[in-house]
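Encoded as structure tokens, the structure appears first; notes follow it.
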Amino acid sequence: MGTVALGLPWAVLLLPVLACGVRADELLSAEPAPGQCRRCCAPGELPPSAPVPYVVPEVRPYINITILKGDKGERGPPGAAGPSGREGARGERGAQGAKGARGPAGRPGPPCRARYAAFSVGRKAGLHSGDGFQALHFDTVFANPDGHFDMPAGQFVAPLRGLYFFSLNVHSWNFKETYVHVVHNEEAAVILYAQPSDRSIMQSQSVMLALARGDRVWVRLFKRERDNAVYSDDVDTYITFSGHLVKPEDEDEGEGD
């Protein structure tokens, strides 16, 4: 009995027949029953009039990648700064803010400079002139708060540069001339003079001087053709010399107070 080679499709179809004891060649050579189709082509071929089988196109699944979101990555390093933009228009003034808290106290400032000077001294003893100039010394202090009047020297020493006012009062001696200078350093600034008289009188002189720091102001008697003198006694003070700073001025560069 010959063996007929069958294709895989026919083999699948003939498996039930073979299982029932029917040979494949008999099945192929058997006449079809009335109304049934008869085989007219070789295995694996389609009859010329058979329709082309419909091939189902391959369908690939669509994946929406927008929903596939991973975890947030780490922050990258900052990039280089870009160029500066144009300066914007000036904005309106904002509302005043709330008052801030009080700050701590600052450090103490430098010591205050003394901006005053004053003195007032007197003499309780009379004085007669000698040869030439004779300085008038004082033995009574009415006011000398900072010691600017040098009592042993009988001179006021200016502590600051500025304008000072001075006043001198003396009592003349009977029948004697009174000739007294107010001296700025070594130069006579003003004179107090009284002619000889049988009656002694009070005389006064005042002056305002512009002094530099360290300048000296003092009083002296001067003998001319006749003796001159000033009077005072131990009971009353007839001779007084006073002065004070009127207007201080800034020191020159490099000078201290």
NZ/Lys247 to CZ/Arg161 distance, rounded to the nearest 0.5 angstrom?
10.0 Å
Looking just at side-chain N and O atoms, do Ser206 and Ser167 make a donor-acceptor pair shorter than 3.5 Å?
no
Taking the side chain as everything from C-beta on, heavy atoms only, tell me whether Trp173 gets closer than 4.5 Å to Val230.
no
Report the distance from atom CD1 of Ile191 to atom CZ of Arg220, rounding to the nearest 0.5 Å.
9.5 Å
In Å and rounded to the nearest 0.5 Å, what is the CE to CG distance from Met151 to Asn144?
7.5 Å
Interatomic distance, CG@Asn169 vs OG@Ser242, rounded to 0.5 Å, equals 7.5 Å
With a 4.5 Å heavy-atom cut-off, do Leu211 and Arg216 have their side chains touching?
no
Transitively linked via ILVMFWY side-chain contacts under 4.5 Å: Val180 with Val183?
no
Does the side chain of Val246 reach to within under 4.5 Å of the side chain of Met208, using non-hydrogen atoms?
yes
Judged by atom type as modelled, is there a donor-acceptor pair below 3.5 Å linking the side chain of Thr178 to the main-chain atoms of Ala229?
yes
Tell me if a side-chain donor or acceptor on Arg123 pairs with a main-chain N or O of His137 at a distance below 3.5 Å.
yes
Here the gap from Gln134 atom CD to His128 atom NE2, rounded to the nearest 0.5 Å, amounts to 10.0 Å
Have Tyr193 and Glu177 got a donor and an acceptor in their side chains that come within less than 3.5 Å?
yes
Output yes when a side-chain donor or acceptor of Asp215 lies under 3.5 Å from a complementary backbone atom of Ala158, and no otherwise.
no
How long is the span from the NE2 atom in His244 to the CG atom in Leu163, to the nearest 0.5 Å?
10.5 Å
Quick check on Asp234: does its CG atom have over 12 non-hydrogen neighbours (other residues, nucleotides or ligands) under 6.0 Å away?
no
For residues 200-230, which residue pairs qualify under ring-ring contact (aromatic ring centres under 6.0 Å, His included), counting only residues two or more places apart or in two chains?
Phe133-Phe222, Tyr179-Phe222
hydrophobic_cluster_shared for Val207 and Leu221, side chain cutoff 4.5 Å
yes
Test ring pair (Phe, Tyr, Trp, His ring centres under 6.0 Å), reference Phe156, set Phe138, Phe165, Phe166, Phe149, output is Phe166
Is it the case that Thr237 and Lys124 place a side-chain donor and acceptor less than 3.5 Å from each other?
yes
Can you confirm whether or not the ring centre of His148 sits under 6.0 Å from the ring centre of Phe119?
no
Fellow cluster residues of Ile201, listed by chain then number, with links counted only when side-chain atoms sit under 4.5 Å apart
none
